[in-house]
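Working notes, structure below.
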Amino acid sequence: MQELTNIPHWYLSLGGYRLEFNSETLIMSWLVMAVLVVFGFLATRKLSFLPGPWQTLGEMMVSAFHGLVADALDEHNRHYFPLIITVFLFIWLSNMLGVIPGLSEPTKDLNTPLAYGLMGFAISHYAGIKTKGIKAYLNEYVQPMFFMAPLNIIGELSKVVSISFRLYGNIMGGSIIILVVSDLVYGLILPPALNAFFGLFVGTIQAFVFTMLTLVYISVQTK
Amino acid sequence: MAIEGADLVRAAALMGAGISMGLGAIGPGVGEGFAAGKACEAIGRNPKEAGLLTRTMLVGQAVSESTGIYSLVVALLLIFVV
Amino acid sequence: MAFSTETWVQAAAFLGAGFSVGFGAIGAALGEGYAAGNASRAIGKNPAMSGPILKNMLIGQAVAESAGIFALVIAMLLAFMNVEGAPMIEAWALLGSGLAMGLSAIGSGAGGGFPAAEACLGIADNPSTQGALTTNMLIGSAVSQTPAIFGMVVAFMLMFIDWSGQPLWPGWAAVLGAGLSVGLAAIGSGVGSGMPAGSATAGMARQPGAATTIRTNMLIGSAVSQTPAIFGLVVAFMLMFVDWSSSPPWPTWAALLGAGLSTGLSAIGPGIGNGFTAQEASAGIARVPEASGPVTTTMLIGQTVAQSTVIYGFLVSLILLFIPRGASESMVAWVAPLSAGICMGFGGIGPGVGEGLAAAYTVNRIARNYEEVGVLLTRVMLVGQAVSESTGIYSLIVALLLLFVI
């Protein structure tokens, strides 16, 4: 069970501070980014009326998500669509990586979901202030009564905690279960089935849930 | 630490007071809320009888409150008399 | 027979692992079973849609399962933890960690079942709304996992923070109380935030046109239902991060444990009660989308009043935590604060549920006929809630007597 607590590190000394990086998360995130950039390149070069396989795949994803974003956001905020689909693609691909032997999910490290959670939080509040104006935005914190303000603030902050820990808990949970079961049965039969369930099924659902919640947070703030 | 008999009895009485009032409050709380809810439902159907229904609701709640008051009495007895 | 400290810590870690996954499995199993039962009903109604219903059921169950998976993660970490050289207080922290995760997963697991079940039934009734229902089910079910996530955060902190700086007395009560506070408080909120998700999903199947309005109301209702769990989280943080080493161990430990129980238990009722209210509000808006303004306002008023008992519980916790108590080793001195916490904790459950029910029926009627009865009903609701609050106030009085008079 040493794998649970053993985290590979990179160290960097910068201006007297010692920075610590989780090398596994970094490399895997770069891998996901590289795959997405290559896919984006393949899908958007040589656009034609009769789409090739890459373009078809890209069009399918865009049309699937466009409907969801159009339902949730009004016209002034549709420009968040590329953000939403990028969040989904990154997290989904990250969750899929764990299925391939030798690779691991960057979302297994709490820092990745937390970064995305903080980003969604900042963007949703920026969108809220921009749409409603600072006065109406601040007024929401004293609803229904002024003394509820501290609770409303904690409630907003808890959204970041819940959205990132939900993803982290599910992906980390899946990989811990696979690790423990593989240890118990010496890697026979069961792990591929568990990989299929936790990697493909739960990974897809949780990526979708994370994306939808980011979208909903923006949509609630801009209402 | 030596526990004396009187100390033990007093402590048990205080714990009993807390448990009595705490558990005793569950039933009346749910019951009275249910009565209030049903009264509001009935007034919604028939707003003309609002006065009668509100009075009935209050009487019904007062009766279902009685077990809560028994708990309160027992708790106060345990705190101040025992 | 004397055991070494390490043995005790190891034993506590195993016991905590058992609590975590043992309690945590209750909710997930209930929620998934409820979803499966209603999926069967849905297939019975509309056998032609059995494929999509089955798919939807599996997706919904996978999300409702999250709480159970969190509990499993904490249990595994506890079971394989390295306890070498850990101080005695670590044993209590690990026990608290297991309780925080296990108890908090009960509500969220059960709550996640409501939207899954309603989505299956909705697909059977109105197959064309399938996509929207599955999306809403995922959002609603994920939101109702939030209380379990609070529990998981506290469980991680209890597990990985180094507690050796805290003295065993009264530190053990602080770490155990933190686990109990967040764990118990999450039960009601988890169930409560699942209820509006269920009725909103059912409503969308009937009124696909009003989907956005219904979802907004569902999210507001769920968020308010989670406020009691936030109170529990705040008390857990206070217990963990305030330095208790300068207070006299006796009777401070009893006050700390009482503070955890007071907020934790009293949050259960308002969590469930707010859920009832939000459920009827979402259902009402689905029936009459034009009434969404008055319905949401009444829902918020009703929920705020129903939350008063958890605010009493929080008040008693604050008194227990921050009003200093003189050192005393007599039994009365430590039983009184513990008893006050238990009294206010249990006393908050009933009124919380009851006031929520009262608001639920009111909201239901206001949605049907808001122009005619809106003001009248809100007034009667407030009177009814005030009366059912009285037992909560009696509990507060007894708790204050226990704290200040004797």
Side-chain angles (χ1 to χ4, degrees), chain B residues 1-4 6-48 50-51 53-54 57-58 60-62 64-65 67-69 71-76 78-80, chain C residues 250 265 269 273 276 306 309 329-336 338-362 364-366 368-369 372-373 376-377 379-381 383-385 387-392 394-395 397-399 401-402 405-406:
Chain B
M1 180 183 51
I3 300 172
E4 288 163 27
D7 194 26
L8 181 68
V9 168
R10 180 93 179 105
L14 295 181
M15 189 48 106
I19 292 175
S20 142
M21 189 62 241
L23 293 181
I26 297 179
V30 178
E32 288 169 39
F34 189 68
K38 283 289 175 189
C40 285
E41 193 180 25
I43 294 175
R45 285 222 182 93
N46 191 356
K48 290 193 197 75
L53 286 167
T54 313
M57 171 188 90
L58 287 174
Q61 285 185 319
S64 63
E65 174 109 356
T67 51
I69 295 177
S71 302
L72 179 67
V73 171
V74 170
L76 293 179
L78 285 171
I79 292 177
F80 291 113
Chain C
W250 292 75
L265 287 170
F276 280 125
T309 51
E329 299 217 342
S330 78
M331 203 168 163
V332 169
W334 65 262
V335 164
L338 196 58
S339 175
I342 292 174
C343 172
M344 189 60 241
F346 280 116
I349 297 179
V353 177
E355 289 169 40
L357 273 175
Y361 285 114
T362 310
N364 175 312
R365 276 292 140 186
I366 285 183
R368 283 166 207 240
N369 192 358
E372 205 178 324
V373 296
L376 173 65
L377 276 191
R379 222 163 47 214
V380 178
M381 173 187 88
V383 172
Q385 284 186 318
V387 177
S388 54
E389 178 103 358
S390 52
T391 49
Y394 299 160
S395 302
I397 293 172
V398 171
L401 285 177
L402 285 167
V405 175
I406 27 167

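Throughout, a chain's letter reflects where its sequence line sits, starting with A, and its residues are numbered from 1. Atom set for the values below is all heavy atoms of this structure, side chains included, hydrogens, waters and symmetry mates excluded.
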Which pairs would a plain distance check flag for residues 13-32 of chain B, meaning a side-chain donor or acceptor within less than 3.5 Å of a matching protein atom at least two apart in sequence or in another chain?
from	atom 1	to	atom 2	distance (Å)
B/S20	OG	B/S71	O	3.3
B/E32	OE1	C/S388	N	3.4

Name the member of B/A36, B/C40, B/A50 that forms the most heavy-atom pairs with chain C at distances under 4.5 Å.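 Winner by heavy-atom pair count: B/C40.
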For chain C, the option from B/A62, B/A75, B/P47 that forms the most heavy-atom pairs under 4.5 Å: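 Result: the option with the highest number of such pairs is B/P47.
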Partner residues of B/E41 under the side-chain hydrogen bond (donor to acceptor under 3.5 Å, both in side chains) criterion, sequence neighbours left out: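 Once residues adjacent in sequence are excluded, the partners of B/E41 under the side-chain hydrogen bond (donor to acceptor under 3.5 Å, both in side chains) criterion are B/K38.
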Please round to the nearest 0.5 Å and tell me the distance separating atom [atom1] of [X] and atom [atom2] of [Y].
{"X": "B/L76", "Y": "C/Y394", "atom1": "CG", "atom2": "OH", "result": "10.5 Å"}
{"X": "B/I43", "Y": "C/R379", "atom1": "CD1", "atom2": "CZ", "result": "10.0 Å"}
{"X": "B/I79", "Y": "C/S339", "atom1": "CD1", "atom2": "OG", "result": "7.5 Å"}

Flag the one option from [options] with the top tally of heavy-atom pairs under 4.5 Å to chain B.
{"options": "C/S390, C/G356, C/A360", "value": "C/S390"}
{"options": "C/I349, C/L401, C/N364", "value": "C/L401"}
{"options": "C/L402, C/N369, C/I366", "value": "C/L402"}

B/A39 portion near chain C, given a 4.5 angstrom heavy-atom threshold: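 No part of it gets close to chain C.
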Is chain C contacted by the side chain of B/L53, its backbone, both, or neither, given a heavy-atom distance below 4.5 Å?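 Neither; nothing under 4.5 Å.
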Would you indicate whether the side-chain heavy atoms of C/T391 and B/T67 approach each other to under 4.5 Å?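 Result no, sub-4.5 Å side-chain heavy-atom pair not found.
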B/M57 vs C/V387 side-chain heavy atoms within contact, under 4.5 Å: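 Answer no - side chains too far apart.
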Taking the side chain from B/D7 and the backbone from C/S330, do they hold a donor-acceptor pair closer than 3.5 Å?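 Absent.
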Let me know if C/L377 has heavy atoms under 4.5 Å from chain B in its side chain, its backbone, both or neither.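 Interface part for C/L377: both.
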Nearest atoms (heavy-atom pairs only) where C/G384 meets B/Q61: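 Here C/G384 and B/Q61 meet closest at O-NE2, 3.3 Å.
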